[in-house]
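Order of the sequence lines fixes the chain letters, A, B, ..., with proteins taken first and strands second; residue numbering starts at 1 for each chain.
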Protein chains: 2
Amino acid sequence: MSVKQRLLAAGVTLLHEQGLAALTQPRIAKAAGVSQSHLTYYFPTRNELLLAIAEQSVNDALTRQLGSPEADPAQALAAAMRFLPRVRMLLGLVAAADQEPSLREAVSRLVDHVRQSIAQLLSHLGYAPEAPQVLVFHAAIVGLAVMNLGRQSPQSEAELAVGLRQLLALLPHPTAPGSPAP
Amino acid sequence: MSVKQRLLAAGVTLLHEQGLAALTQPRIAKAAGVSQSHLTYYFPTRNELLLAIAEQSVNDALTRQLGSPEADPAQALAAAMRFLPRVRMLLGLVAAADQEPSLREAVSRLVDHVRQSIAQLLSHLGYAPEAPQVLVFHAAIVGLAVMNLGRQSPQSEAELAVGLRQLLALLPHPTAPGSPAP
DNA sequence: ATACTGTTTGGTAACTCTACCAAGATTTGG
DNA sequence: CCAAATCTTGGTAGAGTTACCAAACAGTAT
């Protein structure tokens, strides 16, 4: 494993576990087992580092998400919302992109990919939603996950399940697999 | 206006315009026109300061939101999603609460209040949604706003309008249609 | 061997941030 | 009017951060 990969892996882990504020050069370098000054050899500025970590994190999440054919897609969605490290990572990404316009393209790609996999998941469930429905489905999942991260209470946990159930109820017939859309 | 109020107002402004990372004692003190050391007189620790600013910000947003009987509630919702300073503030609050459990109660109160006002807005529109529908409505609005903050692109702006329209279409018929569909 | 290229390290300058302290300035209560 | 409480400031210790630099190191081609 190259030093560069070790650095990126350490950065992703840090971003997952402690959020954007903990993503500093000394901590990443220490976690990767190299000197801090050596990190700047690979990533001269903090923005380059952040961009590389963001893309790595995005790729990780997508391959993990797309690479696993879930037994129950609805369960997979629920688990994804409950998985705080990823929500934390995404929140950090959004906050960083808000302040650093060069990151927004990466965020856009991530949003598109996630939405595509949500559409795929829904079609596996027997739904055939149109684009606007996938949009609100995606948005609602993001919103539920964010509101859970900020509260981390029994109530917010419960809302994840209730919200998901309600979302599925809003879509066209669940019991008719392969049902065509108008 | 007392010094304490000036400090809180400056903190809210900073949180709105530059996000959580910019919320430091020196900057708030400078914006409020007092010495930095004096800030610690009122707020000995950073967490106390952050909590006070968060609650002030929450109260501001709610009173402004609830205090104005909007001509068109749907327009108000669209405007709220597009208002980046508030989204930025909420994102910072969530991130802070994620790392600082003592903030989560304030976030919970905020979430409840916002959801209540959304329900009120929807009933003004002629809808009579049940609780789970308000939940997904709220979640979708949060998600749309967050995804827009992280991209700030023409596409994300467009999704705000499309998503809102789709959300309203998912709810039961308006019993008193005040405005014809565009 | 020698020169060249890329890797790695320790050290550090310059900056920012939080928290504290001693000492004035101002207001308030008796 | 005076004393006590409250407010306010400059200064600073100590920790953390980014970014840079000179120098040691390793491999590879000449």
What verdict does the salt bridge (charged side-chain N to carboxylate O under 4.0 Å, His left out) test give for A:E105 and B:R151, after you've listed the backbone C-alpha separation in whole Å, the side-chain angles of each residue and the deciding distance to 0.1 Å?
CA-CA 7 Å; A:E105 194 200 333; B:R151 295 183 288 171; over 6 Å; no
Where B:L121 and B:P73 come nearest, the two heavy atoms and their spacing:
CG-CB, 3.6 Å
What's the CD1-C1' distance between A:I28 and D:dT17, to the nearest Å?
12 Å
Quick one: side-chain hydrogen bond (donor to acceptor under 3.5 Å, both in side chains) partners of A:R104, sequence neighbours excluded?
B:Q152
Regarding A:E159 and A:Q155, do their side chains bring together a donor and an acceptor under 3.5 Å, going by distance alone?
yes
Smallest heavy-atom separation, B:A96 atom then B:L50 atom, equals CB-CD2, 3.7 Å
Do you see a donor-acceptor pair shorter than 3.5 Å between the side chains of B:E100 and B:N47?
yes
Summary of protein contacts for nucleotides 15-21 of chain C, nucleotide by nucleotide, where a base hit scores B, a sugar-phosphate-only hit scores S (4.0 Å, heavy atoms):
--SBBB-
How close or far is atom P of C:dT9 from atom NZ of A:K30, stated in whole angstroms?
15 Å
Nearest-angstrom distance from the residue atom NZ of B:K4 to C1' of D:dC7:
13 Å
Between the two ends of the helix from C:dA1-D:dT30 to C:dG30-D:dC1, what is the bend in degrees, rounded to 10 degrees, where each end axis spans five pairs?
10°
With a cut-off of less than 4.0 Å, is there a side-chain N or O of B:Y41 near OP1 or OP2 of D:dC7?
yes
Grab the two heavy atoms, one from A:A74 and one from A:L168, that are nearest each other, plus how far apart they are.
CB-CD1, 4.4 Å
Between B:L23 and B:R27, is any pair of side-chain heavy atoms under 4.5 Å apart?
no
